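Given the structure is predicted, the values throughout are model-derived calculations rather than measurements. Each chain gets a letter, A, B and so on, in the order its sequence line appears, and its residues count up from 1.
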Amino acid sequence: MKNRLKVLRAERDWTQAKLAEELDVSRQTINAIETGKFDPSLPLAFKAASLFDMLIEDIFQDKVDS
Amino acid sequence: MNEKIIDSGNIKDRTKKNTIHLGLWTGAWVLATAGAVFGPKFLWDFNTLPTIIGISIHICIGFGMIYANKQHLLGMDEMQRHIQHEAMALTLGVGLVLGMSYELLEDIKLISFEPEISHLIILMCLTYFIGIIRGNRRYQ
């Protein structure tokens, strides 16, 4: 799964630690999601969407979409 | 959809607190195990009542440790929990398969000594340790 977390984070000048704190996960988890090594659960994806005030599909895309 | 979160603190504080709890319960269980194993021989000369009390305490503290481990898992984030679940599944599988084979070796007289439960515990600890390292490296 692809995602725009790194871009959205950079736009807000947030560190991985800051985003991790906002989503109540570890920094390692944010890193794994950003690098595509770990796919977040639906609740965590909803939480990220709510945090960035976006739709889930605007943040996370299936790799076959592109 | 709502994930059950233990405690309202952030994940670092929560994990630290739950890890300390789990460590204390594990330490207490190890002490209770030592008491149950060595007590009858060195402290109360195989008297039945203290032995039953010792075993009961051992079991009760064991269940406390299981509960602390569950709280520890629930306090983690989903990736940490995933790593733990994979390591535990590996440990259970390896423990069951190799534990059974080890026991069979004695039954069919391929080894001359009696298999000890401590050997299985050591194997499970090592497998769990390898599973945790492997999981963490995969998501680095």
Side-chain angles (χ1 to χ4, degrees), chain A, chain B residues 1-26 65 67-93 125-140:
Chain A
M1 191 189 287
K2 290 192 310 177
N3 68 78
R4 296 181 57 226
L5 278 187
K6 194 172 181 177
V7 174
L8 294 168
R9 184 169 61 76
E11 285 172 0
R12 286 155 183 80
D13 204 19
W14 286 356
T15 60
Q16 285 186 340
K18 164 75 176 164
L19 179 56
E21 193 184 326
E22 294 289 337
L23 295 176
D24 195 35
V25 296
S26 64
R27 191 198 59 76
Q28 289 79 4
T29 298
I30 295 298
N31 184 57
I33 293 171
E34 283 186 0
T35 53
K37 290 177 180 171
F38 181 77
D39 291 334
S41 66
L42 201 51
L44 184 56
F46 268 116
K47 209 170 177 180
S50 171
L51 178 67
F52 291 117
D53 198 20
M54 298 172 83
L55 296 171
I56 286 181
E57 55 266 38
D58 292 334
I59 302 176
F60 301 98
Q61 297 93 31
D62 198 351
K63 269 182 181 158
V64 293
D65 283 353
S66 57
Chain B
M1 292 268 295
N2 288 334
E3 193 173 301
K4 190 180 176 190
I5 297 293
I6 306 302
D7 210 326
S8 55
N10 68 41
I11 191 157
K12 260 188 189 170
D13 296 340
R14 200 166 60 231
T15 303
K16 188 178 173 185
K17 184 181 157 194
N18 289 337
T19 303
I20 290 170
H21 277 172
L22 180 59
L24 289 174
W25 274 105
T26 305
M65 182 179 69
Y67 182 72
N69 190 36
K70 187 187 170 198
Q71 299 295 99
H72 182 247
L73 278 173
L74 288 173
M76 290 177 161
D77 72 32
E78 56 191 58
M79 189 184 80
Q80 293 168 331
R81 209 176 301 143
H82 183 74
I83 291 170
Q84 290 284 333
H85 286 165
E86 283 196 339
M88 286 177 184
L90 180 70
T91 304
L92 178 65
C125 288
L126 290 174
T127 308
Y128 175 72
F129 188 63
I130 290 167
I132 291 292
I133 290 175
R134 196 183 71 158
N136 278 299
R137 286 187 68 171
R138 184 190 305 163
Y139 297 116
Q140 251 177 11

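- Environment of NZ in A:Lys37: crowded, with over 12 heavy atoms of neighbouring residues, nucleotides or ligands closer than 6.0 Å.
- Scanning for side-chain hydrogen bond (donor to acceptor under 3.5 Å, both in side chains) contacts around B:Thr19 gives B:His72, with sequence neighbours left out.
- Two residues are said to be in side-chain contact when any heavy atoms from C-beta on lie closer than 4.5 Å; B:Ile11 and A:Glu21 fail this criterion.
- By number of non-hydrogen pairs under 4.5 angstrom with chain B, the leading residue of A:Leu23, A:Leu44, A:Thr29 is A:Thr29.
- In this structure B:Ile20 satisfies the side chain to side chain contact (heavy atoms under 4.5 Å, CB included) test together with B:Lys16, B:Leu24, sequence neighbours excluded.
- Below 4.5 Å, heavy atoms of chain A meet heavy atoms from B:Arg138, B:Tyr139, B:Gln140, all part of residues 133-140 of chain B.
- Rounding to the nearest 0.5 angstrom, the gap separating the CG atom in B:Asp77 from the CZ atom in A:Phe38 is 7.5 Å.
- Residues of residues 6-15 of chain A lying under 4.5 angstrom from chain B, judged on non-hydrogen atoms, do not exist here.
- For the atom pair CZ of B:Arg81 and OG of A:Ser41, the computed distance is 8.5 Å after rounding to the nearest 0.5 Å.
- The shortest side-chain heavy-atom distance between A:Val25 and B:Met79 does not fall under the 4.5 Å cut-off.
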